[in-house]
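The structure appears right after this line, and notes come after that.
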Amino acid sequence: MGDSKKLYDWAPAISTLRKALHRTFEQQGAPRTDLQENDHVELLHHREILVASVALVHCTTLMLQRLPEPPPRWLQRDERSFAYPYKEWRKPRGWCLAFFTDRDPDFSKRTVIGVGGAFPGRRSGTYERSLITRDFTPLSRPIPLAELEMPMGASRRFLQDDGRMSEVAGQRLLECVRQLRPELASTLSGLEQSLGMNPPAGAVGEKLNLEKDAVGMLLEAAGMERDVVESWQSPVTSEVLETRSVPFLAGLPDLRQIEDQQIVHDYHRFPGMTGVDAIEVGWRIYRRSGGPSGHRLFVYNANRHSVETVTGVDMIYVNEFTGSVTTVQYKRMRKEGGIWTYRYDATAERELERMAIVDKECEQLDDGLDPRLVTAPSMVKLCRSVPFVMSSTALIPGMYLTRPHFKALIDSPLARGARGGRRLREGDVPRYLNNTTFATLLKDGWLGTRGVSSDYVIDLILRALSPDGPGSVAVGIHGSSTAPGNRRTLGETTPYRPA
């Protein structure tokens, strides 16, 4: 693959896949770029919340120009990305309630011109980093920093600093602004609520954690930074989140991936929406920064509405260059007597049977031309049930297994319990692929279908997006104009060098 002598023409399959997604989205209802108005985070003073971190952001010239402007129509939460002078912010890295100032060189004349949310992205150069902002509200009466010095007391030194403040200084600044500008009380309370919300727990947190892991693995397999998953913020109230299965992607920034007119065009054609078939679809486009150009990852995240109907999470990875498709079904391990254990039941049996049918179909269609270590698409990840952490890029600790390997372990005497049930303990799995090894093999096209069998991904995705599909699915389509690792384009030869 990679030149005119391709082993298999993969382009028609991808074209059909995109058309199928178009049809699926259109059948589910009119596109929309936001959640319902009454679902947005409201003031819930009776609920215990975390204290929002506070930051001071000294605006660049472009920020001063763009922030006061009305946000483009296609932005979900007024999220915008700017190049910002690099400075290490205090840990942990996460969303902050930010006070934006002008950049008057005379500090005594500098003023606070607005409030909103800010998230420090990764360094994008020697002297700059990306800064994501949201929910910017301009001040009708700017506040001179000089007026804040006296009431800030010992914390006044932070007014000349940049970035996340200490907790004491941040809360003191909030108090001072509330006293000087009482009209901002409602705006500040709303920002505190949305930026300081406790991470979801229970079944909701577990589902979001698995979806987050799937999105993180898709980014890893595409060779991209996973830092975007750190910036997750719930797009709805806690009450709504507990009753409606909102996709993980709906809580991620949606701006900084929009880099050219083609992506903007795609964005308008594939926005997140609520469908008539009780399915929620979110999507994002990511581009690899630095290195070879041409890497683009389309991520789709589809859920059912009701949390109660979400019984599992699936991941589907499509590598356009290698023409490979890999699916991963998540299986949760829980601690029993201090040991991480997976319980196998009738539902898991039916899921495994469906996976076997898919593998057999792909085996019959396999042309055997492009080398693979694993040619069947179906895999399983046994992962620990760990709390959902909002400001973290870590993947869930776990073990990737092929379907036959997982089935062999489940059928082994070691998995039989005293009462006839079947379970797998973490220590019962002698060999497996960890997150790093799996991502490398996935990225380089050593795993998954090939040739005509890869067309079967269209049926997989349509099935996942249908009412009869799994509770949650994350689909990543990785497009690239450059070959993955350990691959030569056909016709390329190694020069002969005598010994």
Side-chain angles (χ1 to χ4, degrees), residues 17 21 206-224 226 228-229 232 245 247-250 252 279-284 286 297-304 310-320 322 324-333 348 351-352 354-355 358-359 362 374 376-386 388 393-403 406 432-443 445-449 454 456-466 469-478:
L17 170 59
L21 286 169
E206 285 188 353
K207 179 195 73 69
L208 287 171
N209 213 19
L210 295 181
E211 290 183 7
K212 175 185 176 183
D213 186 82
V215 172
M217 177 52 68
L218 291 172
L219 290 166
E220 186 76 14
M224 302 178 184
R226 300 195 307 269
V228 66
V229 301
W232 186 89
S245 186
F248 173 79
L249 280 183
L252 294 185
I279 295 175
E280 300 227 10
V281 178
W283 75 279
R284 297 289 185 271
Y286 299 95
L297 179 70
F298 293 79
V299 183
Y300 301 86
N301 188 185
N303 282 351
R304 297 202 185 168
V310 177
T311 57
V313 172
D314 287 354
M315 184 192 86
I316 300 176
Y317 173 78
V318 182
N319 189 317
E320 288 190 35
T322 63
S324 59
V325 182
T326 302
T327 69
V328 176
Q329 187 168 98
Y330 283 79
K331 306 291 186 182
R332 284 172 281 199
M333 296 185 293
E351 291 171 345
L352 207 60
R354 286 195 292 266
M355 293 166 70
V358 172
D359 285 354
C362 289
V374 177
S378 304
M379 298 192 71
V380 167
K381 181 178 183 179
L382 289 172
C383 55
R384 299 177 180 179
S385 294
V386 295
F388 177 60
T393 63
L395 297 173
I396 301 174
M399 303 173 287
Y400 289 90
L401 308 168
T402 63
R403 180 195 55 80
F406 176 70
Y432 59 91
L433 299 179
N434 60 20
N435 288 320
T436 302
T437 305
F438 178 74
T440 300
L441 294 175
L442 200 61
K443 174 174 57 179
W446 289 110
L447 304 177
T449 57
S454 294
Y456 198 49
V457 71
I458 298 170
D459 294 329
L460 290 175
I461 293 179
L462 288 178
R463 190 179 309 163
L465 293 175
S466 73
S472 172
V473 62
V475 183
I477 304 177
H478 178 197

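The residues of the chain are indexed from 1 along the displayed sequence.
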Legend entry - For the student: nearest non-hydrogen atoms of Ala439 and Met217, plus distance: CB-SD, 3.6 Å
Legend entry - Nearest heavy-atom neighbours spanning Val229 and Leu252: CA-CD2, 3.9 Å
Legend entry - Inter-residue atom distance Met315.CE - Met379.CE, 0.5 Å rounding: 9.0 Å
Inset, instruction - Can you measure from CD (Glu220) to CG (Asp213) and round to the nearest 0.5 angstrom? - result: 10.5 Å
Legend entry - Gap separating the NZ atom of Lys331 from the CG atom of Leu210, nearest 0.5 angstrom: 11.5 Å
Legend entry - Taking every non-hydrogen atom, the tightest pair across Cys362 and Pro377: SG-CG, 3.8 Å
Legend entry - Whether Tyr330 side chain and Ala214 backbone form a donor-acceptor pair below 3.5 Å: yes
Inset, instruction - Please determine, by modelled atom types, if Tyr432 and Asn434 share a side-chain donor-acceptor pair under 3.5 angstrom. - result: no
Legend entry - Of Asn435, Leu441, Leu447, the residue whose pairing with Tyr400 passes side-chain contact (heavy atoms from CB on, under 4.5 Å): Asn435
Inset, instruction - Say whether, by atom type as modelled, one donor and one acceptor occur between the side chain of Lys212 and the main chain of Trp232 under 3.5 angstrom. - result: no
Inset, instruction - Measure the CD-CE distance between Gln329 and Met355 for me, rounded to the nearest 0.5 Å. - result: 5.0 Å
Inset, instruction - Grab the two heavy atoms, one from Asn209 and one from Val386, that are nearest each other, plus how far apart they are. - result: ND2-O, 2.8 Å
Legend entry - Point-to-point distance, once rounded to the nearest 0.5 Å, from CG of Leu382 to CE of Met399: 4.5 Å
Legend entry - Heavy atoms of other groups near Phe388 CZ, more than 12 under 6.0 Å: yes
Inset, instruction - Identify the heavy atoms of Thr327 and Ser378 that sit nearest to each other, and give their distance. - result: OG1-CA, 3.4 Å
Inset, instruction - Only one of Thr326, Val328, Val325 passes side-chain contact (heavy atoms from CB on, under 4.5 Å) with Ile316; say which it is. - result: Val325
Legend entry - Separation of Met333 CE from Ser385 OG (nearest 0.5 Å): 8.0 Å
Legend entry - For Leu218 against Val475, the heavy-atom pair lying closest together: CD1-C, 4.0 Å
Inset, instruction - Could you walk me through whether Arg226 and Leu395 pass side-chain contact (heavy atoms from CB on, under 4.5 Å), step by step? - result: CA-CA 9 Å; Arg226 300 195 307 269; Leu395 297 173; 3.9 Å; yes
